[in-house]
2 protein chains.
Amino acid sequence: MTSTSRDVARAAGVSVATVSRAFSEAGAVSETTRRKVMTEARRLGYSPNPAARRLITGRSGNIGIIVPDLANPFFADIIKGVQRRARESRQAILVADTDEQSRLEADTLRTLSRQVDGIILASPRSAMDDLPSDLSVPIVLVHRQAPGWWSVTADFAEGVRQALVNLRALGHDHVAYAGGPQLSWSGGLRTNALRACAADLGVHLYELGSVAPTVNGGLAAADLALATPATALIAYNDVVALGAMRRFGARGVDVPGDMSVVGCDNTMLSLLAAPSLTTVDVPRFEAGEAAVALLDRQLADPDAEPIEQLLATALVIRGTTAPPRQT
Amino acid sequence: MTSTSRDVARAAGVSVATVSRAFSEAGAVSETTRRKVMTEARRLGYSPNPAARRLITGRSGNIGIIVPDLANPFFADIIKGVQRRARESRQAILVADTDEQSRLEADTLRTLSRQVDGIILASPRSAMDDLPSDLSVPIVLVHRQAPGWWSVTADFAEGVRQALVNLRALGHDHVAYAGGPQLSWSGGLRTNALRACAADLGVHLYELGSVAPTVNGGLAAADLALATPATALIAYNDVVALGAMRRFGARGVDVPGDMSVVGCDNTMLSLLAAPSLTTVDVPRFEAGEAAVALLDRQLADPDAEPIEQLLATALVIRGTTAPPRQT
DNA sequence: CAATTCGGTGGAAACGTTTACGCGCGGCTT
DNA sequence: AAGCCGCGCGTAAACGTTTCCACCGAATTG
């Protein structure tokens, strides 16, 4: 049987209001009574009922995060960032995984919105128009920008640009690109950046279209790449890159001898690959932490102008890029 | 401004009690009025305030899950299983990651316990004695058994036994084992099973001690293994196995030519490795789903006898195991 | 036809907090 | 020395539900 503030009040010889004040840290209670209250509270094993507190304050102390796929180390790391920051401010986090299904996003958003003080929406696969806009909780987008929305994104454009520049410097004129989900905003960013940059550099870019952001997607991408004259492949993310490497291996294509591969995200996977994967580093923990910070700011001042935070990216050279084999 | 049951009641010309009943699905309201209530509710954008509901019912509709490391695909998959099952019964999930620090577990458990109806505690790194036992919420252990606790575990013992039997059949008499965290219950299980089985088979087992369940742990394990006459390495999990493979590669040790490697868990990583990793399959989604089921059962009947559910494991042969090179 | 049940509904009391308001009391200003 | 300020605290009114109890009419029973 859990005890209530009334029990503590009685035991400490004060009123429930004082107990509440002692816990709310308002400093509006003398140090002596505060100590007395705390002692009794500990003795009785009391802690404030979150439901009751929430009913009156309207704050749950929880924040929600929605990701397309928990099993993708990229999103797992973002959540870890969120969690780290949230733990400091004693907030719990509700996570929801939409299994890469865009139609689950709106629903999940609506359900979650009643449970939390704010929501972090990572890499939504829906069009912004399909997302409910009348939710009464603040939202921060991660890796998606939209007018009027708060967001934290990484500079994917710069990252893939560096990748292409590097490949060009190695001597690759024919480069393939395997894109991710159609409605991935950051995917679009990469595509546009690559197009522009390819034109600038005089590199021939083979767009392989969009593949699933999974190992299987990578397998498919590899076959598509081999059907072009490309000597290098830039993949939507590390998972796709690794999948492609696997398929290259199976088809007897040497990486990086016959085909250079560049991933994106710099997840732990890129270090596990053999050879280790050249990839674009994007700060994931930091993105998670920044998102919580923005959420807190929005919570403090709901009418503030939306902030769009941009995180830096950089190419990390490892073992899967090399000059093309002389033919 | 979110509307309340009173608004809906007024609009529909009924009492708040009826509105409540219409939403509580009790079937204690006529179909006509129910429809009327629902119509008005939709029009006003009403949905029951979870805090108020929870205050009176004592149920939050949330379940918590605590894992040592979200970034480990093994736990990510367990969470996905939990999430899938929880979504069906319209429960949200609170996840907490303890960063492999056992001292965070008790705290997290206590904090979470006020927020949720039940907690799933996956692979705790603490001794059971260090965990608070007076929490008023039901708990289900995953991959840990303890007297008086509900749990769902996998038959790791059988899995590693199969691995050792297979290695023996390939001709390996000297096998190294890299263990995981000291207080990992399932780790202890593996160690004991391997010891017993090695004795039976006449295989010489080199216990490398415990390494961190991370890539770095794997790197270390590889060096330790090479300091023994072992021709095969069984690793605590896939991450460690992949880390070890990386180090073997760096030191010019061919896998599986010079050294066979067996992982554990059969995560997506094992398919990404080159060559793909021979590993022990352990059902992760199923573990998550089963844990929720047990939680629901415990919730329905708190005084029931604890259930200990066991999931089957099986060796999956892939590319990292082969007969030892003839010397 | 009278007595009884029962499905459907409303009134009101909880649930455990937070917080506006008010009050006594000591120390400060003038 | 009289008034004022502000600190510390208690009283009581919310917050938005669920649920017990009572009530009414209609249907069922004897």
Side-chain angles (χ1 to χ4, degrees), chain A residues 1-41 44-62 90 111 113-117 136-137 299, chain B residues 1-41 44-62 90 111 113-117 136-137 299:
Chain A
M1 224 58 282
T2 121
S3 50
T4 76
S5 62
R6 182 140 56 217
D7 300 329
V8 177
R10 192 160 18 218
V14 298
S15 75
V16 288
T18 303
V19 174
S20 168
R21 279 188 276 252
F23 273 88
S24 302
E25 323 267 329
V29 67
S30 80
E31 191 53 33
T32 53
T33 54
R34 173 205 199 78
R35 199 156 318 202
K36 183 178 242 166
V37 167
M38 287 309 189
T39 309
E40 290 303 319
L44 295 172
Y46 167 81
S47 69
N49 180 323
R53 167 175 283 182
R54 176 173 166 196
L55 180 57
I56 185 118
T57 61
R59 287 280 179 93
S60 66
N62 295 342
R90 334 200 132 275
T111 308
S113 70
R114 296 302 311 254
Q115 300 267 9
V116 298
D117 297 337
S136 42
V137 299
L299 233 25
Chain B
M1 224 58 284
T2 120
S3 50
T4 76
S5 61
R6 182 139 57 219
D7 301 329
V8 177
R10 192 160 18 219
V14 298
S15 75
V16 289
T18 303
V19 174
S20 169
R21 279 188 277 253
F23 273 88
S24 301
E25 323 266 329
V29 66
S30 79
E31 191 53 31
T32 54
T33 55
R34 174 204 198 79
R35 197 155 319 201
K36 182 179 243 166
V37 167
M38 287 309 189
T39 309
E40 290 303 317
L44 295 172
Y46 167 82
S47 70
N49 180 322
R53 167 175 282 182
R54 174 172 166 198
L55 179 58
I56 185 119
T57 61
R59 287 281 180 91
S60 66
N62 294 341
R90 336 201 129 272
T111 309
S113 70
R114 296 302 311 252
Q115 299 267 6
V116 298
D117 297 337
S136 44
V137 299
L299 234 26

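In the text below, chain A, chain B and the rest are named by the order of the sequence lines, each starting its count at 1. Computation of the quantities below employed the complete heavy-atom set of this structure, encompassing side-chain atoms and omitting hydrogens, waters and symmetry-equivalent molecules.
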Residue pairs involving residues 48-58 of chain A (criterion side chain to side chain donor-acceptor pair (under 3.5 Å); sequence neighbours excluded): none
Nearest heavy-atom neighbours spanning [X] and [Y]:
X        : Y        : value
A/Phe23  : A/Val37  : CE1-CG1, 4.4 Å
A/Val116 : A/Val137 : O-CG1, 3.4 Å
B/Leu44  : B/Ser3   : O-OG, 3.2 Å
B/Val29  : B/Ala22  : CG1-CA, 4.1 Å
A/Asn62  : B/Gln115 : ND2-OE1, 3.4 Å

Nearest whole Å is fine: how far is [N] [atom2] from [X] [atom1]?
X        : N      : atom1 : atom2 : value
A/Asp7   : C/dG16 : CG    : C1'   : 11 Å
A/Arg6   : C/dT17 : CZ    : P     : 9 Å
B/Gln115 : C/dG16 : CD    : P     : 17 Å
B/Lys36  : C/dG8  : NZ    : C1'   : 14 Å
A/Arg59  : C/dT17 : CZ    : C1'   : 17 Å
B/Arg114 : C/dG16 : CZ    : C1'   : 10 Å
A/Asn49  : C/dA14 : CG    : C1'   : 14 Å

N or O in side chain of A/Thr4 less than 4.0 angstrom from C/dG16 OP1/OP2: no
Short side-chain N/O contact from A/Thr33 to OP1 or OP2 of D/dC9, under 4.0 Å: yes
Axial bend angle, the helix from C/dC1-D/dG30 to C/dT30-D/dA1: five-pair end segments, nearest 10°: 30°
Heavy-atom side-chain proximity of A/Ser15 to A/Thr18 below 4.5 angstrom: yes
Electrostatic pair B/Lys36:B/Glu40 at N-O distance under 4.0 angstrom: no
Filtered N/O pairs between nucleotides 18-22 of chain D and protein, under 3.5 Å:
residue: D/dT18; atom: OP1; partner: B/Arg53; partner atom: NE; Å: 2.7
residue: D/dT18; atom: OP1; partner: B/Arg53; partner atom: NH2; Å: 2.9
residue: D/dT18; atom: OP2; partner: B/Ser20; partner atom: OG; Å: 2.4
residue: D/dT18; atom: O5'; partner: B/Ser20; partner atom: OG; Å: 3.3

Set of residues satisfying side chain to side chain contact (heavy atoms under 4.5 Å, CB included) with respect to B/Ser20, sequence neighbours excluded: B/Ser24
Residue list, side-chain hydrogen bond (donor to acceptor under 3.5 Å, both in side chains) with B/Ser47, at least two apart or on another chain: A/Arg114
Output a table of nitrogen or oxygen pairs between the protein and nucleotides 26-28 of chain D separated by less than 3.5 Å.
none

Nearest-0.5 Å distance that lies between atom CG in A/Asp7 and atom CZ in A/Arg10: 5.5 Å
